[in-house]
Amino acid sequence: MLKRLHVDNFRCLVNFDLTLEELTLLVGPNGSGRSSVLDVLSALRRLLGGMAKVTDPGVFPPPSLTRWQQRNLQAFELAVALEGDANLTYRMEVEHDVPGRRARITLETLAADLKPLFEFRQ
């Protein structure tokens with residue numbers, strides 16, 4: 001079960017943490033980030049499921065960077081609880097070449113109960 005989502009520098013979400021329960025409702029006024037949360041989850045699902053690449057339009061395009069920041073790095077982290085009390089944490093950082101309209105994954109990690117299983121840099 002998905003337990004936590006962390007997003008940094010995606011649309012209106014800056015250093016954003018969302019703790020999820022078995023049933024979580026996203027409520028709030030227009031512009032509060034509900035659609036951004038769902039778009040991040042959808043993009044991560046397509047990317048991690050092998051249905052899309054980070055360079056595909058609609059996954060993490062340069063216009064998804066937060067407009068009021070000058071950083072070109074986005075960070076995404078998922079915490080998942082599995083049966084048998086195992087906890088997985090997946091983190092991915094995407095760097096954008098805004099003028100070239102390209103993106104690349106610069107960091108990807110996977111840990112089980114805080115013990116590293118996998119790390120990819122650049």
- prompt: Sub-3.5 Å donor-acceptor pair from the side chain of N72 to the main-chain atoms of E95, do we have one?
  reply: no
field: Residues in ring pair (Phe, Tyr, Trp, His ring centres under 6.0 Å) contact with F76, at least two apart in sequence or another chain
entry: F60
query: Taking C-beta and beyond as the side chain, do V54 and M92 meet within less than 4.5 Å on heavy atoms?
result: no
- request: Please tell me if the side chains of Q74 and L65 come closer than 4.5 Å, counting only heavy atoms from C-beta onward.
  value: yes
task: State the CG-CH2 distance between N9 and W68, to the nearest 0.5 angstrom.
output: 9.0 Å
- request: Among H6, E119, E77, E108, find the one that has a side chain to side chain donor-acceptor pair (under 3.5 Å) with R91.
  value: E77
Path from L44 to M1 over hydrophobic side-chain contacts below 4.5 Å: no
- prompt: Under a single-linkage rule joining Ile, Leu, Val, Met, Phe, Trp and Tyr whose side-chain heavy atoms are separated by less than 4.5 Å, which residues share a cluster with L73?
  reply: none
Using atom types as modelled, flag every donor-acceptor pair under 3.5 Å from a side chain in residues 33-42 to any protein atom, sequence neighbours excluded.
{"unit_1": "R34", "atom_1": "NH1", "unit_2": "G28", "atom_2": "O", "d": "2.1"}
{"unit_1": "R34", "atom_1": "NH1", "unit_2": "P29", "atom_2": "O", "d": "3.1"}
{"unit_1": "D39", "atom_1": "OD2", "unit_2": "R11", "atom_2": "NH1", "d": "2.5"}
{"unit_1": "D39", "atom_1": "OD2", "unit_2": "R11", "atom_2": "NH2", "d": "3.1"}

- prompt: Is there side-chain contact between L78 and L48, with heavy atoms separated by less than 4.5 Å?
  reply: yes
message: How about CG on L114, more than 12 heavy atoms from neighbouring residues, nucleotides or ligands closer than 6.0 Å, or not?
response: no
message: Tell me the closest heavy-atom pair linking R46 and G58, and the distance in Å.
response: NH2-O, 2.9 Å
- prompt: Looking only at heavy atoms, which two atoms of V94 and A103 are closest? And how far apart?
  reply: CG1-CB, 3.9 Å
- request: Return the minimal non-hydrogen interatomic distance between L110 and L88, and the atom names on each side.
  value: CD1-CB, 4.4 Å
message: With clusters defined by side-chain heavy atoms of hydrophobic residues (ILVMFWY) lying less than 4.5 Å apart, directly or transitively, does F16 cluster with L26?
response: yes
message: Nearest 0.5 angstrom please: Y90 OH to T109 OG1, how far?
response: 8.0 Å
CG on L47 to NZ on K53, rounded to 0.5 Å: 11.0 Å
task: Mark yes or no for whether D113, through its side chain, and N87, through its backbone, hold a donor-acceptor pair below 3.5 Å.
output: yes
field: Pair K3-L20, side-chain contact (heavy atoms from CB on, under 4.5 Å): steps then yes or no
entry: CA-CA 5 Å; K3 299 296 276 181; L20 299 156; 5.8 Å; no
message: side-chain contact (heavy atoms from CB on, under 4.5 Å) for R71 and D8? Distances and angles first, verdict last.
response: CA-CA 10 Å; R71 297 179 299 132; D8 188 28; 3.1 Å; yes
- prompt: Linking I/L/V/M/F/W/Y whenever any side-chain heavy atoms sit under 4.5 Å apart, do L107 and L117 land together?
  reply: no
